[in-house]
Asker: 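Have a look at this one.
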Amino acid sequence: MTQLVSISGNLLFFAFVCYLIATFFFGGAVKGIKSEASISDKRWGRIGITITIVGFISNLAYFITRWIAAGHAPVSNLFEFTTAFGMMIVGAFILIYFIYKTPILGLFALPIAIIIIAYASMFPRDINPLIPALKSYWLTIHVITAAMGEAILAISAVAGLIYLLKNVDITKKSKKSFWLEAVMFTVILTLGFVASTTTFTLMDYEASFTYVDKEQKPSEITYNAPPIFGMNEYESLTPAAMAPLAEMPPIVNAKKLTTVTWALLFGTVLYGLIRIIIRKPISAVLQPFAQKANSQLMDEIGYRAVSIGFPVFTLGALIFAMIWAQEAWSRFWGWDPKEVWALITWLFYAAFMHLRFSRGWQGEKSAWLAVIGFIIIMFNLIAVNLIIAGLHSYA
């Protein structure tokens, strides 16, 4: 099994490298390298999509080999789910590419998948036996379908972002330009998570504590970053380690809250350094790449992605989830933090469809909604998973 896990990891790394290389080719397709840009664009676009497909096949092979090694679908912890989510975003992009032949989507979709896979690599990669609640084929159906729906919805956000980069005047200070740059800042925060985790891993930082969990049972936990927040009724087992600045109630996982806080700090510093180096908003750097985009086409892609992704998400995140919840915990709904956020996400996209159909929210309004929707999805993946303790806290 160890050899199979090693092969699986190499396949994922190869896919990651392919996505990086393909991004540069899509950049060439968008910007053009000669005056006869149409011929050059097509050539670079074909190379980009070919490398993307090679990477996706490798990514899929990773997923299958890890499934074989684990004996169950590799979606039972944050590393497995997040890598699967990144893979599905690439798969959704490939599908959309062959429908609309738009290389610019690859220039923005692939970096998002790359960041998500890099984010996943910061979590433990060990294969552990499933707890009883997870030993159900409904888990596989529920999680894979939910991730697939979210991946398709991510493509709507990519199309929305391209639309906004082309049509929002970033040269003037306004609410639109401010919030567009805020989206860029949010992306950099994810890179901050990668940077902070890598830094403390290289430092080999560890600090152990005892605490009382939400079931009032004594437990032990080891931090891999300086503990800004302490677990409920914590006591240090590592005297030389930094003492937490504040104690959290049992419902909050203070270790993961500490991880998120360090990510915010590193991400903010990273964003500041980037702004100092480029001396302009990040959105202003990306805007030239969106100038050739067809606004009407981006609006159509955004809408089509939501019209497909929303029902798939409904099946996976609500209907199949309720069936699994009934089988695992003998209730369809329990107001667990993840269940609540899945409902919030569903209500948001239901409102998106309503506003699109009945109020005619197309173009810029629709693009903003698509981007906000993906931020809600990522908040669920990062903040809700990492901070709030619940039945879904398996990572």
Side-chain angles (χ1 to χ4, degrees), residues 26-27 29-31 89 92-93 96-97 99-113 115 149-190 271 275 280-311 313 344-380:
F26 283 126
V30 170
K31 290 293 289 182
I89 288 177
F93 156 67
I96 295 294
Y97 179 87
I99 295 174
Y100 292 100
K101 298 293 191 299
T102 50
I104 191 171
L105 279 178
L107 181 60
F108 288 86
L110 289 185
I112 290 175
I115 291 172
E150 291 178 344
I152 299 170
L153 293 171
I155 299 300
S156 74
V158 171
L161 180 60
I162 294 170
Y163 185 100
L164 294 173
L165 284 170
K166 179 173 182 179
N167 293 282
V168 171
D169 187 356
I170 299 173
T171 60
K172 297 179 181 178
K173 289 186 177 181
S174 64
K175 289 182 179 179
K176 293 178 182 179
S177 60
F178 171 82
W179 286 112
L180 188 56
E181 187 63 17
V183 172
M184 302 299 113
F185 175 67
T186 303
V187 174
I188 299 300
L189 289 183
T190 306
Y271 175 80
R275 287 294 304 271
K280 63 175 69 174
I282 296 175
S283 52
V285 175
L286 295 177
Q287 191 171 48
F289 291 95
Q291 291 308 306
K292 291 184 180 180
N294 183 319
S295 296
Q296 186 176 354
L297 180 60
M298 290 302 109
D299 182 58
E300 180 183 343
I301 291 173
Y303 161 66
R304 294 297 179 189
V306 174
S307 64
I308 297 170
F310 178 58
F313 178 81
I344 291 172
T345 306
W346 185 87
L347 290 172
F348 177 86
Y349 280 104
F352 177 105
M353 297 300 287
H354 169 73
L355 292 170
R356 178 89 186 193
F357 282 128
S358 64
R359 299 294 180 89
W361 279 34
Q362 299 181 6
E364 189 173 312
K365 290 181 179 180
S366 180
W368 278 115
L369 289 177
V371 171
I372 293 170
F374 187 63
I375 291 174
I376 292 173
I377 289 172
M378 292 305 295
F379 183 86
N380 185 18

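Heavy-atom basis, side chains included; hydrogens, waters and symmetry copies ignored. Numbering of residues begins at 1 and proceeds along the displayed sequence.
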Asker: With distance as the sole test, does T186 use its side chain to make a donor-acceptor pair with the main-chain N or O of A182 at under 3.5 Å?
Answerer: yes

Asker: Can you see which heavy atom on I162 is nearest to which on A293, and at what distance?
Answerer: CG2-CB, 3.6 Å

Asker: Please tell me if the side chains of W179 and V371 come closer than 4.5 Å, counting only heavy atoms from C-beta onward.
Answerer: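 The answer is no; the side chains never approach within 4.5 Å.
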
Asker: To the closest 0.5 Å, what do you measure between CD1 (I155) and OH (Y97)?
Answerer: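 Here the interatomic distance stands at 14.0 Å.
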
Asker: Compare every heavy atom of F93 with every heavy atom of G106, then report the nearest pair and how far apart it is.
Answerer: N-CE1, 3.2 Å

Asker: Could you go step by step and tell me if R275 and E181 meet the side-chain contact (heavy atoms from CB on, under 4.5 Å) rule?
Answerer: CA-CA 11 Å; R275 287 294 304 271; E181 187 63 17; 3.9 Å; yes

Asker: Between F26 and P103, what is the shortest heavy-atom contact and its length?
Answerer: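 Taking every non-hydrogen atom into account, CD2-O, 3.6 Å.
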
Asker: Work out which heavy atom in L161 is nearest to a heavy atom in F108; give both atom names and the distance.
Answerer: CD2-CD2, 4.3 Å

Asker: Of all heavy-atom pairs between S156 and A370, which one has the smallest distance, and what is that distance?
Answerer: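 Scanning both residues, the minimum pair turns out to be O-CB, 3.5 Å.
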
Asker: Between K166 and Q287, is the side-chain contact (heavy atoms from CB on, under 4.5 Å) condition met? List the steps.
Answerer: CA-CA 6 Å; K166 179 173 182 179; Q287 191 171 48; over 6 Å; no

Asker: Is any side-chain heavy atom of V306 less than 4.5 Å from a side-chain heavy atom of M353?
Answerer: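 With C-beta onward as the side chain, the pair touches.
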
Asker: How far apart are the C-alpha atoms of T171 and K280, what are their side-chain angles, what is the distance that settles it, and do they pass the side-chain contact (heavy atoms from CB on, under 4.5 Å) test?
Answerer: CA-CA 10 Å; T171 60; K280 63 175 69 174; over 6 Å; no

Asker: Restricting to salt bridge (charged side-chain N to carboxylate O under 4.0 Å, His left out), what partner residues turn up for K176, sequence neighbours left out?
Answerer: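 With neighbours one apart ignored, the set is E364.
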
Asker: So, taking the atom named CG in L105 and the one named CD1 in I301, what distance separates them when rounded to the nearest 0.5 Å?
Answerer: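 Reported to 0.5 Å precision, the distance equals 4.5 Å.
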
Asker: Would you say the side chain of D299 lies within less than 4.5 Å of the side chain of S366, judging by non-hydrogen atoms?
Answerer: yes

Asker: Roughly how far apart are I104 CD1 and M298 CE, rounded to 0.5 Å?
Answerer: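 The distance works out to 6.0 Å.
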
Asker: Judged by atom type as modelled, is there a donor-acceptor pair below 3.5 Å linking the side chain of E150 to the main-chain atoms of F313?
Answerer: no

Asker: Before you tell me yes or no, could you show the steps for F352 and F310 under side-chain contact (heavy atoms from CB on, under 4.5 Å), namely the whole-Å CA-CA distance, both residues' side-chain angles and the distance that decides it to 0.1 Å?
Answerer: CA-CA 10 Å; F352 177 105; F310 178 58; over 6 Å; no

Asker: First locate atom CD1 of I170, then atom CD1 of I282, and finally report the distance between them rounded to the nearest 0.5 Å.
Answerer: 11.0 Å

Asker: To the nearest 0.5 Å, what is the distance between OH (Y100) and CD (E300)?
Answerer: 4.0 Å

Asker: Taking all atoms of both residues into account, what is the closest heavy-atom pair of Y349 and F374, and its distance?
Answerer: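 The pair with the smallest heavy-atom distance is OH-N, 3.4 Å.
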
Asker: Around atom NZ of K101, are there more than 12 heavy atoms from other residues, nucleotides or ligands closer than 6.0 Å?
Answerer: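 Buried by this count: over 12 neighbours within 6.0 Å.
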
Asker: Would you say that more than 12 heavy atoms from the other residues, nucleotides or ligands in this model lie under 6.0 Å from the CD of Q291, or not?
Answerer: yes

Asker: How would you list, by chain and number, every residue that makes a side chain to side chain contact (heavy atoms under 4.5 Å, CB included) with I376, sequence neighbours excluded?
Answerer: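 Partners of I376 under the side chain to side chain contact (heavy atoms under 4.5 Å, CB included) test: W341, T345, F348, I372.
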
Asker: If you measure from CG on L110 to CD1 on I89, what distance do you get to the nearest 0.5 Å?
Answerer: 10.0 Å

Asker: Would you call M184 and P281 a side-chain contact if the rule is heavy atoms closer than 4.5 Å?
Answerer: no

